[in-house]
There are 4 protein chains.
Amino acid sequence: MPPETTTPNSSRRSERSRRAILDATYGLVMEKGYAKLTIEAIAARAGVGKQTIYRWWPSKGAVMFDAFFDAAYSGGEDIALPDTGDIEADLKAVLRATVDEYNDPEYSARLRALNSEVLADSQLSAELFDRMLAPGLAAYRTRLEAAQQAGQIAAGADLETAVELLLSPIQYRWQLGPGPLTHAFADSIVDIVLPGLRPPHPEG
Amino acid sequence: MPPETTTPNSSRRSERSRRAILDATYGLVMEKGYAKLTIEAIAARAGVGKQTIYRWWPSKGAVMFDAFFDAAYSGGEDIALPDTGDIEADLKAVLRATVDEYNDPEYSARLRALNSEVLADSQLSAELFDRMLAPGLAAYRTRLEAAQQAGQIAAGADLETAVELLLSPIQYRWQLGPGPLTHAFADSIVDIVLPGLRPPHPEG
Amino acid sequence: MPPETTTPNSSRRSERSRRAILDATYGLVMEKGYAKLTIEAIAARAGVGKQTIYRWWPSKGAVMFDAFFDAAYSGGEDIALPDTGDIEADLKAVLRATVDEYNDPEYSARLRALNSEVLADSQLSAELFDRMLAPGLAAYRTRLEAAQQAGQIAAGADLETAVELLLSPIQYRWQLGPGPLTHAFADSIVDIVLPGLRPPHPEG
Amino acid sequence: MPPETTTPNSSRRSERSRRAILDATYGLVMEKGYAKLTIEAIAARAGVGKQTIYRWWPSKGAVMFDAFFDAAYSGGEDIALPDTGDIEADLKAVLRATVDEYNDPEYSARLRALNSEVLADSQLSAELFDRMLAPGLAAYRTRLEAAQQAGQIAAGADLETAVELLLSPIQYRWQLGPGPLTHAFADSIVDIVLPGLRPPHPEG
DNA sequence: CGTTAACCGAGACGGTACGTCTCGTCTTCAG
DNA sequence: CTGAAGACGAGACGTACCGTCTCGGTTAACG
């Protein structure tokens, strides 16, 4: 299997420089924000010539993208939702954790930078989704399918939409701020969505 | 009625310049995109000194913000959802219209520019929501309250969350692209959310 | 016939503003130097609208010119060289005093500003000479003519040139710095020029 | 012999840009005058980024200085006064030539720009003198020393002052305009200064 | 086991845009 | 109905970065 990364590899490429660039980028975005990130600053902090950056990445966004992906998924951890058999409890637990994550300033800053870049260059949008969000959505879907098999969710339910219904309100509040991101809000989401997915003749 | 604008007023201020700046900004964002919008280009097209822009707006984002708000809500049209008595049909109709709007390239470009700016400067976030989104959400809420009064929705339902559940998935798909923005998707949202809000003992 | 001065008069003109402008100008040149003098700063310090300056003076140089002339010759003092009968002693005394004046930092700054402006706008050159230097030269000439009448200077001597020979080397050193401006230098000038003006058969 | 220039050298420096900047500067000063010279105009005409100017020169005056020095002394011609044995004739010939030079409009404009700048920034004053005037003064001094050796000038005469006495009146008239710059004026200077330098017992 | 070509750091280059400053004109409003 | 206050169009200032382009100096693969 060929290594599927944004940046092409080469035997001549200096791994030391690549690491220094990604680390410098990550640090600078955290400190100054994405809007004030400059190639020159990255090169200076990384102790690298500007050309070395331009040689391997097509744009500032691409560098940041790699830097963040690298930072987030270096462990390559498998993501799967817990399955206690109680779909409601499981969903609430995971959504509460998600809310906590969004409330973490560092995570929030990271996400803000990524989304800002993605909105400007819609080509990155697909990549962001495929590499960083799709695995998460798939995990939700897997959990919902298990619940479906267990008869807790109607056979014909539209799980695709269901997953997005669970996650998008959190992203929405985080991004536009119509209300606070609390555990209660996470619970509310589940309390509305889950009944809408129940099988027609509940266990009575 | 005093004119309610973001930027402070002054009897000395030239209305002619203000209009020219907003129009030039709107046109330039549509033509070149927000990323390539420059203050110098706005000033040149508006036939205005740069200082006149810097005097009245604190940032490029603020100018664009005003330009868009001005373009979108110049009519001051009242927004209210239709009420045929059939909450499901009404919601689907409105969400389908919303989907169509997001699929319009011009509207999409406008929104992209706004959101991109808003993500970078979180101070604008609240303003964007209050001035441009809150009225829409309120209209949804009003319609849901009517349905609640009509007994189509449970008395204790969390309408705040319900509104966000209806709208956020569309924004989510538009922004991150996990799937196509279709009428069917709009219907799916209603088909899941509405049952979750129904009163416990429906009309039987 | 209208009064031919730099600044036209008018019965409507506010003397209070005129004074405030000249004083502010003089002070600002002394504090920041002529190069950093701006109309806006003058107006601000004088508590005057910019238009009031532009109404009465054609250029920044003209304002400064008036300010300096006003400061220097407000007393309208008559200038005449001493006449002790000893032309050599008299000239040396006056040139030594002139050297001292040039060595005074405040006087030097003033002169520097004036000359700088005059070099740029040659129209002011004649005015500078006529109003500020010509009276001085005339005083020298008067003293030399007295010496001529006393037989200490040849009858046919070119006194016009003689006066300039006495004064120009001091201006030259001050402006271009080929050497220090000392009393010894002043004496040297007289020691060379005066013998060149002596009558052919001195009192023997 | 190392190249003696104001601006530091570097192997990385583009000689092509340096030349283009100096040429553009010289041309623009001649066309529009020093007061209307702008860095932007120099950069535009030279086809050069502004930063390339700011990188190598500290101020507008310094650029102009180099441009003029470069234009005037590119040949590196040795300057020496003629020596026909007749000191009076030699001095008059050279001073008449100097007067002609000052009367040349192009030379005059050049000199006006230089002096104007020098007066404003006294740091440039010393440099102007050392690089552009001192060699001339030295040539005069050499000629006077020759005359001294030939017995035409007193052994103890102050030649330093004598040289300045010969040159400064011309600069003075040119700059302040108390009278016309003619050959007769040049002769008058020599006619007064030279007798003042004669040995006490002439050829008898 | 030397040649040589790519990659490296450094940073100068032609440019664009920034946000500020000042110019000289034009407009408003208080005394 | 003058004059201070200051907004306006204009445009230069000096700075920050852009993305491209040499420079020498390693450094690793090939011949």
Side-chain angles (χ1 to χ4, degrees), chain A residues 10-18 20-21 36-44 46-60, chain B residues 10-18 20-21 36-44 46-60, chain C residues 10-14 16-18 20-21 36-44 46-60, chain D residues 10-18 20-21 35-44 46-60:
Chain A
S10 158
S11 53
R12 312 294 298 264
R13 183 166 185 187
S14 158
E15 173 60 16
R16 149 191 268 282
S17 294
R18 196 186 132 272
I21 289 165
K36 296 195 174 173
L37 181 67
T38 68
I39 296 280
E40 302 218 321
I42 296 173
V48 139
K50 284 197 291 176
Q51 198 57 44
T52 303
I53 299 178
Y54 285 112
R55 191 161 17 236
W56 301 110
W57 288 275
S59 70
K60 189 174 71 169
Chain B
S10 158
S11 53
R12 315 291 297 262
R13 184 164 184 187
S14 158
E15 173 60 17
R16 150 190 269 281
S17 293
R18 197 188 130 268
I21 289 165
K36 296 195 174 175
L37 181 68
T38 67
I39 297 278
E40 302 218 320
I42 296 173
V48 139
K50 284 198 290 176
Q51 199 57 48
T52 302
I53 300 177
Y54 285 111
R55 190 161 16 238
W56 301 109
W57 287 276
S59 70
K60 191 173 68 169
Chain C
S10 159
S11 54
R12 319 290 300 246
R13 184 164 184 188
S14 156
R16 149 191 267 282
S17 293
R18 196 186 133 273
I21 289 164
K36 295 195 173 173
L37 180 69
T38 67
I39 296 279
E40 305 219 320
I42 295 173
V48 139
K50 286 197 291 175
Q51 199 54 47
T52 303
I53 299 178
Y54 285 112
R55 209 183 333 263
W56 302 111
W57 287 275
S59 71
K60 192 173 67 170
Chain D
S10 158
S11 55
R12 314 289 298 254
R13 183 164 185 187
S14 159
E15 173 59 18
R16 150 189 268 282
S17 294
R18 197 187 130 272
I21 289 165
K36 296 195 175 173
L37 181 68
T38 68
I39 296 277
E40 301 218 321
I42 296 173
V48 140
K50 284 199 287 177
Q51 200 56 51
T52 302
I53 299 178
Y54 286 112
R55 188 157 22 234
W56 301 110
W57 287 275
S59 70
K60 193 173 66 170

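A, B, ... follow the sequence lines: proteins, then strands. Residue 1 opens every chain.
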Margin query: Whether the side chain of K50(C) and the base of dG24(E) hold a donor-acceptor pair under 3.5 Å is what I'd like checked.
Written below: yes

Next item on the list: Tell me which of G47(A) and E40(B) sits closer to the 5' end of DNA chain E, going by the nucleotide each one is nearest to.
Entry: G47(A)

Margin query: Please compare A41(C) and L37(B) by the position of their nearest nucleotide in DNA chain E and report the one closer to 5'.
Written below: L37(B)

Next item on the list: Would you indicate which nucleotide in dG14(F), dC23(E), dT27(E) comes nearest to any side-chain atom of I39(D)?
Entry: dG14(F)

Item checked: Heavy-atom pair with the smallest gap, counting every atom of G49(C) and A43(C) -> C-CB, 4.3 Å

Check: Do you know the tightest heavy-atom contact between I42(D) and I53(D)?
Finding: CG2-CD1, 3.7 Å

Next item on the list: Please tell me which of T38(D) and R16(C) maps to the more 5' nucleotide of DNA chain F, matching each residue to the nucleotide holding its nearest heavy atom.
Entry: R16(C)

May I have the distance from [X] (atom [atom1]) to [N] (atom [atom2]), rounded to whole angstrom?
| X | N | atom1 | atom2 | result |
| --- | --- | --- | --- | --- |
| I53(A) | dC17(F) | CD1 | P | 13 Å |
| Y54(D) | dT16(E) | OH | C1' | 15 Å |
| R55(D) | dC13(E) | CZ | C1' | 6 Å |
| W57(A) | dG19(F) | CH2 | C1' | 16 Å |
| I42(C) | dA4(F) | CD1 | C1' | 16 Å |
| E15(D) | dA12(E) | CD | P | 16 Å |
| Q51(D) | dG15(E) | CD | C1' | 11 Å |
| I21(A) | dC7(E) | CD1 | P | 13 Å |

Next item on the list: Check side chain to side chain donor-acceptor pair (under 3.5 Å) between E40(D) and all other residues, then give those that pass, not counting sequence neighbours.
Entry: K50(D)

So, does [X] get its side chain near the phosphate of [N], meaning an N or O under 4.0 Å from OP1 or OP2?
| X | N | result |
| --- | --- | --- |
| T52(D) | dG14(E) | yes |
| S17(D) | dA12(E) | no |
| W56(D) | dC13(E) | yes |

Note to self: Would you say CZ of R55(B) has more than 12 non-hydrogen atoms from neighbouring residues, nucleotides or ligands within 6.0 angstrom?
What the structure shows: yes

Notebook entry, point to check: Do I21(C) and W56(C) have side-chain heavy atoms sitting under 4.5 Å apart?
Noted result: no

